[in-house]
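Count residues from 1 along the sequence.
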Amino acid sequence: MLQRETLFFHWIFKTNLAMREPGFLSTRLCTMEPSIEPFLPIEIATKLLVSLAIGLLIGFEREWAHKELGVRTFAVVSLFGMLAPLISAPFVLVAMAGIIAILAIVNIANISTHRMPETTTTVTLIVTFALGVLVGQGHIFTPTASAIVVTLLLSMKPQFSRFAGGLTQEEVKGAVLMGLIGFVIYPLLPNRFIDPWELLNPREAWFTVILIAAIGFVNYILLRVYSTRGLYYTAVFGGLVNSTAVIAQLSSTIAQSGPNARRLATVVNLLTISSMFVRNLALLLIFSEPAGLIAAIPIGLMALGSAALVWWHRKVPVDSAEIALGSPISLRQLTSFGVLFVFIQAASSLGERFFGQSGTVIVSFMGGLASSASSTAAVASLAEHGHATPGIAAVSTVAASIASTLVNLPIIYRETQDRDLVRDLFVISIAITITGLGALLILGAHR
């Protein structure tokens, strides 16, 4: 015992001497944990307002939907999420576990009283807590934008239910296939030319397929939504999907429209090709902005000319028309478009090598008779990689668009058997063609 006491007092004596050494106190303070500084009032006020706004925004929607968890609950949970990371990182996990436990108790109580569990509201409350955590960490845009999107999705339940109820099995498969080709197949393809002539880059070709399929799928949805409002809506949105297919299917409807058939056919044809012009210009701008800027004037003038003629014939009475384009996302359609795109791209490249610039334009015109979208994407891809000049890509796109305009005429005649109608449409098509070509010549003279 005496030895222990002696050692203890010896340790105190040495410590006392060490504390008297200069710099001892500052050294010890530097090795201690930093003290917690007070939060800046302005920063905390901003986070409070943002988290409160998020909770109120989502909570009011749930309140209007007559849900058990309403505006106060969502506002408090959002504030709780904001405060959690200010306390500590582990506390965020504990708080999240607590929120989930409370929600589980609420849903179990609902089930025990023979009520449906609030699945959507439960998930939304957890998301609201997560958004509050992001605000607490200093993020503003991400949680705010996410809250707006969440509220929009919640408020559009009737529209989504109506749309989902009208979906066919083919359309659901199309949506799944869209995800497959975009997120599974695309990353696996090699990003290099696989042939000695440098004509085919699988990943670039597949990206074009994805882009065209995405544009077609979005416009197909718009067509499904708006086609019941009238034939004009059908012509506009259908033309963005496939102008030739729309003309082929609407021609029979036009032929049965009685005395208004001629003027109606003119309007529908002009609306369809106007949409086709806009789509082709958008594709060209996406792949090659310089080429798109060159083609903007001639294609824009052709589209405006078509729109002006539509305005002239706007008083034609029309009804809604049902067309069956089928889902634009299917293995057969993707395969056919991919093969056509690769063929046109290879032919355009070879045409440019052996016949110069005119070869690319001729191939694009011939390809436009089958698919102006494929021709535009092919020549735009060549321009993007320097295998064609922006000017040639612009001229080729105009040529493909003109070809797609002219190919509608025999289709309309086959359904209507009206030579006077086809003659009138031919004159209009030639006028539109001259407008586009004239604009190209003027641009070429000033370059």
request  = State the CD1-CD1 distance between Ile402 and Ile299, to the nearest 0.5 angstrom.
outcome  = 9.0 Å
key: Pairs involving residues 45-54, ordered by first then second residue, that meet salt bridge (Lys or Arg N to Asp or Glu O under 4.0 Å) (sequence neighbours left out)   = Glu43-Lys47
key: Expected output: side-chain Trp206 to main-chain Ile181 donor-acceptor under 3.5 Å   = yes
key: Residue Ile42 excluded, over 12 heavy atoms near CD1 under 6.0 Å   = no
task = Output all residues satisfying side chain to side chain contact (heavy atoms under 4.5 Å, CB included) with Ile194, sequence neighbours left out; order by chain, then residue number.
result = Pro190, Arg192, Leu200, Pro202
key: Residues Leu154, Arg62; criterion side-chain contact (heavy atoms from CB on, under 4.5 Å); working and verdict   = CA-CA 8 Å; Leu154 294 173; Arg62 293 288 82 191; 3.8 Å; yes
inquiry  = Holding to side chain to side chain contact (heavy atoms under 4.5 Å, CB included), I want the full list of residues that pass it with Ala347, two or more places apart in sequence or in another chain.
reply    = Val363
Validation: residues 141-148 side-chain donor-acceptor distances under 3.5 Å, sequence neighbours left out:
unit_1	atom_1	unit_2	atom_2	d
Thr144	OG1	Ile140	O	2.7
Ser146	OG	Thr142	O	2.7

message = Checking the side chain of Glu61 only, and the main-chain atoms of Thr151 only, is there a donor and an acceptor separated by less than 3.5 Å?
response = no
remark   = CE (Met366) and CD1 (Ile344) are apart, to the nearest 0.5 Å, by 10.5 Å
message = Test your reading of the model: is there a side-chain donor-acceptor pair from Ser51 to the backbone of Gly132, 3.5 Å cut-off?
response = no
Side chain to side chain contact (heavy atoms under 4.5 Å, CB included) partners for Ser396, two or more places apart = Thr360, Val361, Ser364, Val379, Ile392
remark   = Residues passing the ring-ring contact (aromatic ring centres under 6.0 Å, His included) test with Tyr186, sequence neighbours excluded, are none
task = Search all heavy atoms of Phe287 against all heavy atoms of Ala380 and return the closest pair with its distance.
result = CB-CB, 3.4 Å
Residue pairs, two or more places apart or on separate chains, that pass side chain to side chain donor-acceptor pair (under 3.5 Å) and touch residues 287-309 = none
key: Residue list, side chain to side chain contact (heavy atoms under 4.5 Å, CB included) with Ile111, at least two apart or on another chain   = Pro117
key: Nearest non-hydrogen partners of Pro298 and Leu440, listed with the distance   = CG-CD2, 3.7 Å
query = If you take all heavy atoms of Thr128 and Gly55, which pair is closest and at what distance?
reply = CG2-CA, 4.4 Å
query = Minimum heavy-atom separation for Leu52 to Leu79, with atom names?
reply = N-CD2, 4.1 Å
Sequence neighbours left out, cut at 3.5 Å: what donor-acceptor pairs do the side chains of residues 82-107 make with other protein atoms?
unit_1	atom_1	unit_2	atom_2	d
Ser88	OG	Phe91	N	3.3
Asn107	OD1	Glu118	N	3.0
Asn107	ND2	Leu103	O	3.0
Asn107	ND2	Thr122	OG1	3.0

query = Do Thr113 side-chain atoms and Ala109 backbone N/O form a donor-acceptor pair below 3.5 Å?
reply = yes
request  = Might you confirm whether atom CZ of Arg72 has over 12 heavy atoms from other residues, nucleotides or ligands at distances under 6.0 Å?
outcome  = no
task = List in chain and number order the residues that pass side chain to side chain donor-acceptor pair (under 3.5 Å) with Thr405, two or more places apart in sequence or in another chain; answer none if no residue qualifies.
result = none
Residue pair Arg279 / Thr376, side-chain donor-acceptor N/O under 3.5 Å = no
request  = Could you tell me the separation between the NZ atom of Lys67 and the OG1 atom of Thr124, rounded to the nearest 0.5 Å?
outcome  = 9.5 Å
key: Those residues that, when tested against Phe74, pass ring-ring contact (aromatic ring centres under 6.0 Å, His included) (two or more places apart)   = none
query = Nearest 0.5 Å, what's the CD-CG distance between Glu384 and Leu284?
reply = 11.0 Å
message = How close do Ala291 and Pro390 get, counting heavy atoms only, and between which atoms?
response = CB-O, 3.4 Å
Side chain to side chain donor-acceptor pair (under 3.5 Å) against Ser274, all qualifying residues, sequence neighbours excluded = none
note = dist Leu270:CG -> Phe277:CZ (nearest 0.5 Å) comes out at 9.0 Å
task = For the pair Ile273 and Ile432, evaluate side-chain contact (heavy atoms from CB on, under 4.5 Å) and give the outcome as yes or no after the intermediate values.
result = CA-CA 10 Å; Ile273 63 175; Ile432 293 174; 3.8 Å; yes
note = Closest non-hydrogen atoms of Ala205 and Val342, given as atom of the first, atom of the second and distance, are CB-CG2, 4.3 Å
ask   = OG/Ser381 to CG/Asn201 distance, rounded to the nearest 0.5 angstrom?
value = 8.0 Å
query = Quick one: does Ser401's side chain have a donor or acceptor within less than 3.5 Å of a partner on Thr397's backbone?
reply = yes
key: Partner of Val77 under side-chain contact (heavy atoms from CB on, under 4.5 Å), chosen from Val127, Ile58, Ile54, Leu125   = Leu125
